[in-house]
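Everything numeric in this text was worked out from a predicted model, so none of it was measured. Worth knowing before you read on, the calculation uses all heavy atoms, side chains too, and leaves out hydrogens, waters and symmetry mates.
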Amino acid sequence: QVQLVESGGDLVQPGGSLRLSCAASGSIFSSSVMGWYRQAPGKQRELVATITTDGSTNYASSVKGRFTISRDNAKNTIYLQMNALKPEDTAVYYCNARKMFFPAYNYWGQGTQVTVSS
């Protein structure tokens with residue numbers, strides 16, 4: 001049974017910072033491309049950032065330079081450091097673990113709420 005458990009969501013003022021964490025159970029972590037996605041009310045879920053097994057990263061243009069994704073393979077955990085937060089960053093943030101090739105899989109966490117407001 002694979003579980004992805006996010007934490008760290010909170011209410012923060014514009015310009016503030018937060019760090020999200022996602023802990024993965026099971027044996028998939030070392031084989032997975034890990035990622036953060038977000039979904040704002042009334043909008044589709046969108047990519048925020050991904051990190052491959054060898055540490056290569058990819059960011060949405062809207063967060064590049066402000067957010068940093070990282071992974072700790074010893075702890076089966078990924079992080080999303082979010083700086084200079086804006087109201088438009090308000091969303092539920094979801095952790096994702098996926099593998100494209102056999103045996104392929106795509107797992108999601110339950111989400112954590114990030115609200116940026118004064």
Show every side-chain hydrogen bond (donor to acceptor under 3.5 Å, both in side chains) that has at least one partner inside residues 108-118, sequence neighbours left out.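 Found Glu6-Gln110, Gln113-Thr115.
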
Name all pairs fulfilling the side-chain hydrogen bond (donor to acceptor under 3.5 Å, both in side chains) condition that reach into residues 12-31, sequence neighbours left out, sorted by first residue then second.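 Every pair satisfying side-chain hydrogen bond (donor to acceptor under 3.5 Å, both in side chains) with a residue in residues 12-31: Ser17-Asn83.
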
Not counting sequence neighbours, list each pair that qualifies as a disulfide bond (SG atoms under 2.5 Å apart) and has a residue in residues 24-63.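 Those involving residues 24-63 do not exist here.
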
Could you list who else is in [X]'s hydrophobic cluster, with ILVMFWY side chains joined at under 4.5 Å, directly or through other members?
| X | result |
| --- | --- |
| Val48 | Val2, Leu4, Val12, Leu18, Leu20, Ile28, Phe29, Met34, Trp36, Ile51, Tyr59, Val63, Phe67, Ile69, Ile78, Leu80, Met82, Leu85, Tyr93, Tyr105, Tyr107, Val114, Val116 |
| Leu11 | none |
| Val5 | none |
| Tyr79 | none |

Set of side chain to side chain donor-acceptor pair (under 3.5 Å) partners for Thr52, sequence neighbours left out: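 Checked Thr52 against side chain to side chain donor-acceptor pair (under 3.5 Å); matches are Asp54.
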
According to side chain to side chain donor-acceptor pair (under 3.5 Å), who are the partners of Glu46, at least two apart in sequence or on a separate chain?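 Listed in chain order: Arg38.
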
For atom CD of Gln44, decide whether the heavy atoms of other residues, nucleotides or ligands shown that lie under 6.0 angstrom number more than 12.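 It does not: Gln44 CD has 12 such atoms or fewer within range.
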
Among residues two or more places apart or on two chains, list those pairs meeting salt bridge (charged side-chain N to carboxylate O under 4.0 Å, His left out) that have a residue in residues 101-118.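 Checked against salt bridge (charged side-chain N to carboxylate O under 4.0 Å, His left out) - neighbours excluded - no pair reaches residues 101-118.
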
Going by the salt bridge (charged side-chain N to carboxylate O under 4.0 Å, His left out) test, which pairs reach into residues 72-87, not counting sequence neighbours?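 Not a single pair qualifies under salt bridge (charged side-chain N to carboxylate O under 4.0 Å, His left out).
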
Listed by chain and number, what are the salt bridge (charged side-chain N to carboxylate O under 4.0 Å, His left out) partners of Arg66, not counting sequence neighbours?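 Scan of Arg66 (salt bridge (charged side-chain N to carboxylate O under 4.0 Å, His left out), adjacent residues dropped) gives Asp89.
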
